[in-house]
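The next block holds one structure in the form of structure tokens; read it before the comments.
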Amino acid sequence: MRTKHGNAQRENDKMSRSTEHPAPPPAFELRSGGLHLTIQRMPVWLVSLITTVGGISAAWWANQ
């Protein structure tokens with residue numbers, strides 16, 4: 001037998017679940033054949049590394 005308080009709690013749980021935000025889309029997603037790579041958040045060190053390598057490559061190419 002359910003009490004009035006139990007029903008109210010269940011209704012509150014339903015409302016809180018419906019107002020939750022959906023998960024954000026992944027920052028990077030690669031699908032190629034059987035390979036499926038997903039990165040949820042880009043690490044700062046990876047962005048720094050890619051930027052540094054890109055800058056060095058552009059400077060090297062400009063001096064050629």
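Put simply, Leu30 and Val47 are part of the same group of oily side chains (I, L, V, M, F, W, Y) that touch within less than 4.5 Å, one to the next. Val53 is not connected to Trp61 by any chain of hydrophobic side-chain contacts under 4.5 Å among Ile, Leu, Val, Met, Phe, Trp and Tyr, and they are in different clusters.
Here the CH2 atom belonging to Trp45 is positioned 8.5 Å from the CD1 atom belonging to Ile50, to the nearest 0.5 angstrom. Taken to the nearest 0.5 Å, the OG1 atom of Thr51 stands 8.5 Å off from the CG atom of Leu49. Considering CZ of Arg31 and OG1 of Thr38, their distance stands at 6.5 Å, rounded to 0.5 Å.
Summarising the geometry of Met42 relative to Ala27, their closest heavy-atom pair is CG-CB, 4.0 Å, with the distance given to 0.1 Å.
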